[in-house]
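Being a predicted model, the structure only gives us computed values, none of them experimental. Heads up: numbering here begins at 1 and tracks the sequence.
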Amino acid sequence: MVKIEDYPLNRVPQTQRLSLFSVAVVHMGMLTALDQFMLGAVLGNAMALVDAFIAIFIGSLIFGIVTFGLGLAGMQEGLSGSLLARWCGFGRLGSVFIGFVVAVSLLGWFGIQNAIFAHSLNFASGDKLGFSGAAALSGTLLTTLVAFGFKALRFTARIAVPLFILLIAYISTTVLSGGAGQHLYEIIKLPHSGETLSISAGITIVVGGAIVASLMTPDLTRYTKSGKHVFAITLLTIIAGEFVINGLAILIAKALNTADVVTIMSQAAGGAGLLVVVFSTLRVNDLNLYSSSLGIINAVEGITGKKLRYPPTTILIGMLGTLLSILGILERFVDFLTVLGVVFPPILGIMLVDYYILRSHRKILDNSREQGILPNETPAIGWAAIIASVIGSIVGLVIDWGVPAINSLLLASMAYGLSKILCHRF
């Protein structure tokens, strides 16, 4: 079984590498969850069917390229994404910056997933709790459980994924089935009913919905045995998460004329559907809150040298995430994905340019890999990488021309590459 927390500051030795199946199952789990279904529902309710699948295809292509590239580097070096960043342009403190960005994004995901939980809870109570009361209750409950290591969450995580997949299969069969496929054919022709999303905006939110998984991919592929395994894992995750889960969600959202997950589940599967939604949000938010807390703790320690205690940090972050739920972050879901879709691609592009093209630290990585240890030289901070990633993100947010995710990725990568070449020459 893959354990991301194993070998946190070491290379994974070849003797500890695992089978393709063992790693692929964990990696696919990152995109076969409720958040991907939510994304598909948004696309189905805001785009024509062909446009939605074009957005998925191009977004998946971007995700696949950067995920495979970074995953291959993780496999070759046996290093996690945060460690790899130290020798891919960002340096020790720069990798802390990346960890902080990831932690903040996971905090946002906590707020969104908690809002879904709260809507389900409020719906089940017949609107007696009110959304704000339900969000405060669900956020407080989950934060307390995660902060004090409630073991039942592990059991919940094990059953949530298969239950969710079974639910999607049931809803798909119920909603999309029809005599001689006539019902499905009619659904395909339906126009979208929500506020229209352009193809470029759709591509960016598809990238935003999956891009954090790209950065986490080396955490898993460092356990793999070959580049072929990394490619297969990337392809399987795209097929399962982007085309199966997203694709079915697009069709279901069109059939039921809504992007609201709680409405979809309650209409199609009743109380059982809402129960699975609750289990799924518990499973995802357990990981979001845990990883966000560790990210903040590591960032603070990297900058100040002080190590925060886990329970108080988790409680504080959980309170912030709950507040985001109450303030309506779920209503800003598309905006949230858009921000993720332009903030993370520059970071990944810079790491890929440094590792494969500039090869700034490949010599010391190669030498230390032969000995099975980390390089004894660690850059303190990569200002060029940080500045280029910030510039790329800003451009992706403010320029409407083209596809924001691609704009931010290419501009940051080119700016970083040129700055390093010019600095080397002069």
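- Ile116 contributes atom CD1, which lies 13.0 Å from atom CG of Leu121 (distance to the nearest 0.5 angstrom).
- Looking only at distances, a side-chain donor or acceptor of Gln36 sits under 3.5 Å from a matching main-chain atom of Gly209.
- Residues Met265 and Ile171 come closest through the heavy atom pair SD-CD1, 3.4 Å.
- Using modelled atom types, no side-chain atom of Thr263 and backbone atom of Ala259 make a donor-acceptor pair closer than 3.5 Å.
- Between the CG atom in Leu197 and the OG1 atom in Thr204 there is a gap of 10.0 Å [rounded to 0.5 Å].
- Panel note: side chain Tyr356, backbone Gly69; a donor-acceptor pair is recorded below 3.5 Å.
- Separation of atoms CZ (Arg222) and CE (Met75) is listed at 14.0 Å; rounding is to 0.5 Å.
- Checking side-chain atoms of Ser408 against main-chain N and O of Gly396 turns up no donor-acceptor pair under 3.5 Å.
- Using bins of under 30°, 30° to 60° and over 60° for the plane-to-plane angle, the ring pair Phe68/Phe231 lands in the perpendicular bin.
- A distance-only check finds a donor-acceptor pair linking the side chain of Asn114 to the backbone of Ala135 [under 3.5 Å].
- In plain terms, the two heavy atoms of Ala115 and Leu330 that are nearest each other are CB-CB, 3.8 Å.
- Side-chain atoms of Arg92 never come within 3.5 Å of backbone atoms of Arg86 as a donor-acceptor pair (strictly under, hydrogens ignored).
- With a 4.5 Å cut-off on side-chain heavy atoms, Tyr355 and His361 do not count as touching.
- Interatomic distance, CD1 of Ile245 versus CD1 of Ile239, reported as 13.0 Å (0.5 Å rounding).
- Without hydrogens or angle criteria, Thr140 side chain to Leu137 main chain gives no donor-acceptor distance under 3.5 Å.
- The CZ atom of Phe57 sits 10.0 Å away from the CD1 atom of Ile238 when rounded to the nearest 0.5 Å.
- Surrounding CZ of Phe97 are more than 12 heavy atoms belonging to other residues, nucleotides or ligands, all under 6.0 Å away.
- No hydrogens or angles considered: a donor-acceptor pair under 3.5 Å links the side chains of Ser19 and Ser22.
- At distances below 3.5 Å, at least one donor-acceptor pair connects side-chain atoms of Arg17 with backbone N or O atoms of Thr224.
- Not a single donor-acceptor pair under 3.5 Å links the side chain of Ser80 to the backbone N or O of Asp219.
- Atom CD1 of residue Ile199 and atom CD1 of residue Ile58 lie 7.0 Å apart, to the nearest 0.5 angstrom.
- Using cut-offs of 30° and 60° on the angle between ring planes, the pair Phe164 and Phe37 is perpendicular.
- Summarising the local packing, CZ of Phe243 is surrounded by more than 12 heavy atoms from other residues, nucleotides or ligands at distances under 6.0 Å.
- Here the side chain of Thr67 pairs no donor or acceptor atom with the backbone of Ser214 at under 3.5 angstrom.
- Considering only heavy atoms from C-beta on, Leu43 comes within 4.5 Å of Ile205 through its side chain.
- By the neighbour-count criterion of 12 heavy atoms within 6.0 Å, atom CZ of Arg332 is sparsely surrounded, having that number or fewer from other residues, nucleotides or ligands.
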